[in-house]
Student: 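I'd like to ask some things about the structure below.
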Amino acid sequence: DVKVTQSSRYLVKRTGEKVFLECVQDMDHENMFWYRQDPGLGLRLIYFSYDVKMKEKGDIPEGYSVSREKKERFSLILESASTNQTSMYLCASSSLTGSGQPQHFGDGTRLSIL
Amino acid sequence: AQSVSQHNHHVILSEAASLELGCNYSYGGTVNLFWYVQYPGQHLQLLLKYFSGDPLVKGIKGFEAEFIKSKFSFNLRKPSVQWSDTAEYFCAVNSGYSTLTFGKGTMLLVSP
């Protein structure tokens with residue numbers, strides 16, 4: 001079965017800290033995604049990657065960066081955390097094969113910035 | 001840019017009532033459409049998807065959705081809801097390459 005694993009379910013950090021959120025998938029998927037989920041706003045795409053060392057900005061990339069050094073791992077980095085980045089962060093992956101492949105999601109990381 | 005509109009933010013139903021959640025999208029070309037569900041404390045799961053062919057698609061747990069191209073709609077339906085259907089439901093559209101554009105979600109509460 002498809003498995004997307006996010007390293008932490010809950011995380012509390014301080015303003016100004018550099019924060020790393022890790023995501024690993026075991027399906028050999030080419031595509032990986034980072035979203036944030038906020039009440040009333042749905043899911044908004046931060047960054048995605050379609051190959052190792054490749055990255056593309058999503059709809060809300062400001063204040064974030066990503067790293068994809070290995071195919072199975074996609075990291076989201078908050079360069080200098082701010083309180084408005086308190087949110088639920090979701091990682092997803094999908095196969096490149098064929099069009100419109102569904103995305104498979106991890107359990108999410110609830111991040112609080114104090 | 002692609003956009004997805006879900007008409008209801010909150011829906012409250014009694015068990016055995018019928019459900020219809022609205023979803024409209026803006027893109028006029030070929031689309032792939034999805035409904036995801038997020039049960040309390042769980043990850044998003046795929047309910048059903050439409051790529052091509054029969055516009056009435058059936059998913060898991062008795063859900064179905066109908067793609068009406070002329071109305072840019074992909075409404076989710078279930079004839080008789082259960083308490084266990086309490087969850088948040090998201091409509092999503094494939095907006096080119098492999099990215100999805102999600103609606104803002106509809107929270108469904110089913111009272112026993």
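So you know, we letter chains A, B, ... as the sequences are listed, proteins then strands, and number each from 1. Remember, predicted model here, so these are calculated numbers, not experimental data.
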Student: Which heavy atom in B/Phe34 sits nearest to a heavy atom in A/Pro102, and how many Å separate them?
Tutor: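 Taking B/Phe34 first and A/Pro102 second, the nearest heavy atoms are CE2-CA, 3.8 Å.
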Student: For atom CZ of A/Arg14, is the number of surrounding heavy atoms from other residues, nucleotides or ligands below 6.0 Å larger than 12?
Tutor: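 Open: at most 12 neighbouring heavy atoms sit under 6.0 Å from CZ of A/Arg14.
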Student: How many angstroms lie between atom CG of A/Leu45 and atom CG of B/Leu100, to the nearest 0.5 angstrom?
Tutor: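 Nearest 0.5 Å value for the CG-CG distance: 9.0 Å.
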Student: Looking only at heavy atoms and a cut-off of under 4.5 Å, which of A/Leu90, A/Asp38, A/Asp59, A/Asp107 has the most pairs with chain B?
Tutor: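 The residue among A/Leu90, A/Asp38, A/Asp59, A/Asp107 with the greatest pair count is A/Asp107.
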Student: Same hydrophobic cluster for B/Val11 and B/Leu47, using side-chain heavy-atom links shorter than 4.5 Å among ILVMFWY?
Tutor: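 Same cluster.
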Student: Roughly how far apart are B/Phe102 CZ and A/Tyr35 OH, rounded to 0.5 Å?
Tutor: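 Taking CZ in B/Phe102 and OH in A/Tyr35, the distance rounds to 4.5 Å.
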Student: Could you tell me whether A/Lys71 atom NZ has more than 12 heavy atoms of other residues or ligands within 6.0 Å of it?
Tutor: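 More than 12 heavy atoms, drawn from other residues, nucleotides or ligands, come within 6.0 Å of this atom.
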Student: Any chain of hydrophobic side-chain contacts (each under 4.5 Å) joining A/Met88 to B/Tyr36?
Tutor: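 Same cluster: A/Met88 reaches B/Tyr36 through Ile, Leu, Val, Met, Phe, Trp or Tyr contacts under 4.5 Å.
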Student: So what's closer than 4.5 Å to chain B heavy atoms on A/Leu43: side chain, backbone, both or neither?
Tutor: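 Both backbone and side chain.
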Student: What heavy-atom pair brings B/Lys104 and A/Gly40 nearest, and what distance separates the two atoms?
Tutor: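 Scanning both residues, the minimum pair turns out to be CD-O, 3.2 Å.
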Student: For A/Gln37, is it the side chain, the backbone, both, or neither that has a heavy atom closer than 4.5 Å to a heavy atom of chain B?
Tutor: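 Contact with chain B: side chain only.
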Student: So what's closer than 4.5 Å to chain A heavy atoms on B/Leu44: side chain, backbone, both or neither?
Tutor: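 Both parts, backbone and side chain.
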Student: Is there a path from A/Phe48 to A/Val66 through hydrophobic residues (I, L, V, M, F, W, Y) whose side chains come within less than 4.5 Å of each other?
Tutor: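 Shared cluster, no.
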Student: Sort B/Gln38 into side chain, backbone, both or neither according to what part of it lies under 4.5 angstrom from a heavy atom of chain A.
Tutor: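 It is the side chain, since no backbone atom gets that close.
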Student: Kindly work out whether a path of hydrophobic side-chain contacts (I/L/V/M/F/W/Y, heavy atoms less than 4.5 Å apart) joins A/Ile77 to A/Tyr89.
Tutor: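 No, it is not one cluster - the side chains of A/Ile77 and A/Tyr89 are not joined through contacts under 4.5 Å.
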Student: Quick one: what part of A/Arg44 sits under 4.5 Å from any heavy atom of chain B, side chain, backbone, both or neither?
Tutor: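 Contact with chain B: none, neither part.
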Student: Taking all atoms of both residues into account, what is the closest heavy-atom pair of A/Gly42 and B/Phe90, and its distance?
Tutor: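 The pair with the smallest heavy-atom distance is CA-CE2, 3.8 Å.
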Student: Within this structure, what is the CD-NE2 distance for the pair B/Gln45 and A/His104, rounded to the nearest 0.5 Å?
Tutor: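 Rounded to the nearest 0.5 Å, the CD-NE2 separation comes to 12.0 Å.
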Student: Are A/Phe105 and B/Leu46 connected, step by step, through hydrophobic side chains (Ile, Leu, Val, Met, Phe, Trp, Tyr) whose heavy atoms are closer than 4.5 Å?
Tutor: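 The answer is yes; both residues are in one hydrophobic cluster.
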Student: Is the CD1 atom of B/Ile12 crowded by more than 12 outside heavy atoms at less than 6.0 Å?
Tutor: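 Counting other residues, nucleotides and ligands, CD1 of B/Ile12 stays at 12 neighbours or fewer.
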